[in-house]
A.B. asks: 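Take this structure, written in structure tokens, and hold onto it; I'll ask about it next.
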Amino acid sequence: MLNKQEVAAMVQQKFRLMVEPLPDTDCEYKVDLMTLVPLCRELKAGGYAFLADITAVDYLEQGYFRLLYQVCNYQNGDTITLKVDVSREEPVVESVCPVWAAANWLEREVYDMFGIVFKNHPRLERILLWEGFEGWPLRKDYVHQPNKYQGRRQLD
Amino acid sequence: MALKTNILFPRRVGMPEGDPANTHDLLTPEELESRGILFTSLDKLFRWGTGWSLWPLQFGLACCAIEMICTTQTRFDMSRFGFEVFRNSPRQADVMLVAGTITEKMRPSVELLYHQMPEPKWVIAIGSCAISGGPFVDSYAVVAGADKVVPVDVYIPGCPPRPEAIIDGMLQLKAKLRHPERQKVVRDVK
Amino acid sequence: MEFINNIFVNIAGLVRWVFNWLLGWLGLPLGLTDVLMTAVYWVAIVVVCVLCALFYVIWERKLAGYIQRRPGPNRLGPNGWLQTIGDAIKLVMKEDIVPDKADKPVHLLAALLAFVPPMLALAAIPFGEGMAALDLKLGVVYVLAVTTLASLPVLLAGYASNNKYSLIGGMRVVNQAISYEVPQAFALLSVIMVAGTFNLTEIVHFQQQHLWLVFVQPLAFVVYIISAVAECNRAPFDLPEGESELTAGVFTEYSGMRYALFYLAEYCNMFVAAGLATTLFLGGFSGPFLPGWLWFILKTFVIMSVFIWVRWTLPRIRADYVLSFCWKILVPLTLLNMLVTGVVLYLI
Amino acid sequence: MNTETNKQGRYSEVYQLNFGPQHPSTHGVLHMLVEMDGETCIGVDTKIGYLHRGMEKLLESRTYLQGLPYTDRLDYLAGVNNNLPYVLAVEKLLGVEVPARASLLRMLTCEIMRLASYMVGVGIYIMDLGAVSGVFYPFQEREYALDCMSALCGARMTQSYIRYGGVQADINEEFDVAYQKLVAETPRFIEMYHKLVDENEIFLRRTKGIGVISAEDAMDYALTGPNLRASGVDYDLRRDAPYCLYDRFKIEVPVLTAGDCYARYVQRMLEVEKIFQLIKEIYAALKEEPAGEIMAKIPKVLKPAAGEAYAQTENPKGIMGCLVASEGKLNPLRVHFRRPSFDNIAIFEKIMPGHKVADLVSIIASFDIVLGEIDG
């Protein structure tokens, strides 16, 4: 079971160029698109079997989505955060489902809210919103139509 | 066949005319008599019977559903008034307790359930989410209030309302149901 | 004391005398009195059925309230005892919805049929000394045959209401009611072996001379009670109407008066099962001071309370365990019981 | 409807059954489309989102203090536990040190609401299996816990008691009275419930060996909370990564290995006893603690430094995490909640096939899910 320092050493040794640890914290790494899945496989092999969370933050001015992966291990509760920046024009990321099965629903929720496409995800569909919904609500440039009274649909 | 009940229990006023839920105007007894329909004591008997045994439809959505369950529990006991038979199928229910936020995805189910309930039916909106969308009124996914979906009879404010308030809401419905002449009749439709 | 004991028998005699006098005055053949008397008996049975159903509905809700530490209905009428009348009036007045894709005639018929089997069965059960409407030689066989009919209307309801939940409920009724017929019949058979006759009144007289059959056949009594609970689809065997799985199970599509019929028929079935249990095991209308029919009412009240108590404490059994429990445990037990009774009777 | 002859060569038609949004035993508005072959389920498609109120979008347009009461509406069975992750994350950004007494008060209210939440979990489980009376006793027990909370923070369920930098109010006599009542009633309830339910033959038959989850599956699907510990993985955030002042107390965590519905039920009952001890310890620690101030010095108008902070706490349903990204403005740029029930029910599709209709109900109830939290 690797703790935080061993993870830092492993990252330095295996992914020197592609992964850059953030300055002030010992457990946050900025990862680029290509090395995400190999790094995740390394982490899982190193005992980080618990994928706590996948979220996205929309930095409208800077023009990118920031995907945050919180990975923990069941032994000593350390949390490693991986940050991936994806351009807003064509937001496509490699899916992490083959590594952790929990990623299935988490990625579907991020797709549902932000429209970030996860390549070879087993079933990439909307999970929380209803079929007829168009647009990605959690994007900053999402125009929210006010609650117009559409009247009741004739059911019978 | 059971009595033609829509004469006995006239529906709501203030709904748009072509609305399927608004089957009849809410008429005061005088107008009914003007149309040759005389109320007898039989009507009072039916109102008395219904008042005492309003069977709610098991239909909890959000936090207010937990308070609704607490109302039937040991401390605040709704069964004292004969309301505790929670029917799961809409066919046997009289009152639809909308307890929680109605979202856009849940809206067709709410309408369907309302239309499946047999005729003398009422709706109680529990909690501010059911009354007007509550804290989530400006959300993209929330219908602002149950009266956009089904005609509501009694509103119980609170987020969530205390169980005593829910019982009082049921009793208000009972009073409204047993004394139609005392209802405030809004006559702006004509 | 004697007068109170067979007060109803005297009333029947009086009514018969009035009919004879009336027919004699009208010049009609006297044979008609028997027809009229059976009509009077039938009306009496319907009244008993409806009264017991009304009473036991409110008694169940109050007992359930007691078990669940809450007061139960206590506002309508003196301490809540008129609650069922409120329910009945409301149910009468509700709109009757028949789903359009449902099989209409069968859907409507199922509710009416639900009330027939309990009526038929109550005809043979002796409420008091000489108070059995039909004092049949083969009383037990007749009642058994009629109680099997009780599961048919529930199956019809399940099939006719064109709803997946009702269909599952209907299928469950079939396999549960049919399989629990067997241990019920075997349990009663061992009682007949001891009592020697099928006639219910003679069984009661047998118990008056000797001791109550419940002490002679304790195992048969327990197995009979279990299979009676399964016959009436009461918890823990209430799979057809399993609320938490199949919304309202077989009765999902029924509303208003039709649902009320099913609701009351369930209680009548329970009353028949309790009546049969008292007649065969607890010595029917025999008892020291009180009149016979009052003893019958008290004993059925005790057994009904046991049914209600069982319902509000035990969780529901899964569908396949219901069957394995019946075939793997109940049937061998009752067969063994019959073997032992046979051997003992042969020796005495 | 595809018709197929299954293993025994019986001809049977596969049909779809709707465990619809309105169903007595789906704990709210969970919709499961179940492929059925007779009475056994072949495939399950869980549809959620019927209570999706767009909480995260709303929080972006509210200031920090305005957004706090929204967190109570997530897992509405343990209102105050939801405030904690949001508050801890913002405090990380603010860099505020919370006084010891406030931390103890936070832990006390969280543990009381955890007790109340387990009561509902256990009670509703028995009711879904058919014994309707089983739910009345735990709910009465929960009333005592709610009395404590309403004495302390004024509201029964949605308390919003934990604020940035501390808590809203200190203990008063009314709370002590309600607390004594809770302490008197809980042991009696636990012992009675073990007698009432644990040895019940039908309950055992309905729960043993149903919905079995292996430790690997539990870890792979990121299960957390009692569902995880019932499958043999010993992981409790209060002990492994302590927040507030949990490291002051010795937290024993019961772990079972069977991983079936019965193990999850017994797991909750064992944890109820441990929580009860912990509540007494915290209350004792609070009594000795000198009556100091309960709120740190924070500016009236909160403007946390730009950046992202992620905090996790152990909620009754599992681990709840909260990510706050701020740009130094009045309202947060992005708030995301890691909702434990959302991850827990992702495993339904894997374990449900092969069970009967009655078992589906048993499995859903054994997970003790709350739809307000799943849909967010």
A.B. asks: Heavy-atom cut-off 4.5 Å, strictly under: side chain, backbone, both or neither for D/A218 against chain A?
C.D. replies: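 Backbone only.
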
A.B. asks: Report which part of A/E61 has an atom under 4.5 Å of a heavy atom belonging to chain D: side chain, backbone, both, or neither.
C.D. replies: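 The side chain, not the backbone.
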
A.B. asks: Testing A/D58, A/L60, A/V57 one by one against D/L333 for a side chain to side chain contact (heavy atoms under 4.5 Å, CB included), which residue passes?
C.D. replies: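 By the side chain to side chain contact (heavy atoms under 4.5 Å, CB included) criterion, D/L333 pairs with just one of A/D58, A/L60, A/V57: A/V57.
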
A.B. asks: Check whether A/L51 gets within reach of chain D through its side chain, its backbone, both or neither, counting any heavy atom under 4.5 Å.
C.D. replies: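 The backbone, not the side chain.
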
A.B. asks: Please classify the contact between A/R66 and chain D as side chain, backbone, both or neither, with a heavy-atom cut-off of under 4.5 Å.
C.D. replies: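 Contact with chain D: side chain only.
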
A.B. asks: Side chain from CB out, backbone as N, CA, C, O: work out which of these in D/E216 comes under 4.5 Å of a heavy atom of chain A, or both, or neither.
C.D. replies: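 D/E216 has no heavy atom closer than 4.5 Å to chain A.
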
A.B. asks: What's the spacing between A/L128 CG and D/F342 CZ if we round to 0.5 Å?
C.D. replies: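 A/L128 atom CG to D/F342 atom CZ measures 5.5 Å (nearest 0.5 Å).
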
A.B. asks: Just how far is it from atom OG1 of A/T79 to atom CG of D/L237, taken to the nearest 0.5 Å?
C.D. replies: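 Those atoms lie 7.5 Å apart.
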
A.B. asks: Flag the pair D/R339 and A/E109 as a salt bridge only when some basic side-chain nitrogen lies within less than 4.0 angstrom of an acidic carboxylate oxygen.
C.D. replies: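 A/E109 and D/R339: salt-bridged.
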
A.B. asks: Side chain, backbone, both or neither: which part of D/I347 has a heavy atom under 4.5 Å from chain A?
C.D. replies: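 Contact with chain A is absent: no heavy atom of D/I347 under 4.5 Å.
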
A.B. asks: For A/A56, is it the side chain, the backbone, both or neither that has a heavy atom under 4.5 Å from a heavy atom of chain D?
C.D. replies: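 Contact with chain D involves the backbone of A/A56 alone.
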
A.B. asks: Before you tell me yes or no, could you show the steps for D/D45 and A/R123 under salt bridge (charged side-chain N to carboxylate O under 4.0 Å, His left out), namely the whole-Å CA-CA distance, both residues' side-chain angles and the distance that decides it to 0.1 Å?
C.D. replies: CA-CA 12 Å; D/D45 175 13; A/R123 190 177 166 222; 3.4 Å; yes

A.B. asks: Let me know if A/R108 has heavy atoms under 4.5 Å from chain D in its side chain, its backbone, both or neither.
C.D. replies: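 For A/R108, no heavy atom lies under 4.5 Å from chain D.
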
A.B. asks: Quick check: do D/E56 and A/P137 have side-chain heavy atoms less than 4.5 Å from each other?
C.D. replies: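 Answer no - side chains too far apart.
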
A.B. asks: Got a second to check how far A/F50's CZ is from D/Y221's OH, nearest 0.5 Å?
C.D. replies: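 Reported to 0.5 Å precision, the distance equals 15.5 Å.
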
A.B. asks: Working to the nearest 0.5 angstrom, can you tell me the gap between D/E308 CD and A/T81 OG1?
C.D. replies: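 Nearest 0.5 Å value for the CD-OG1 distance: 9.0 Å.
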
A.B. asks: Shorter than 4.5 Å, heavy atoms on both sides: which option in D/G321, D/G54, D/G49 has the most such pairs with chain A?
C.D. replies: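 The option with the most such pairs is D/G49.
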
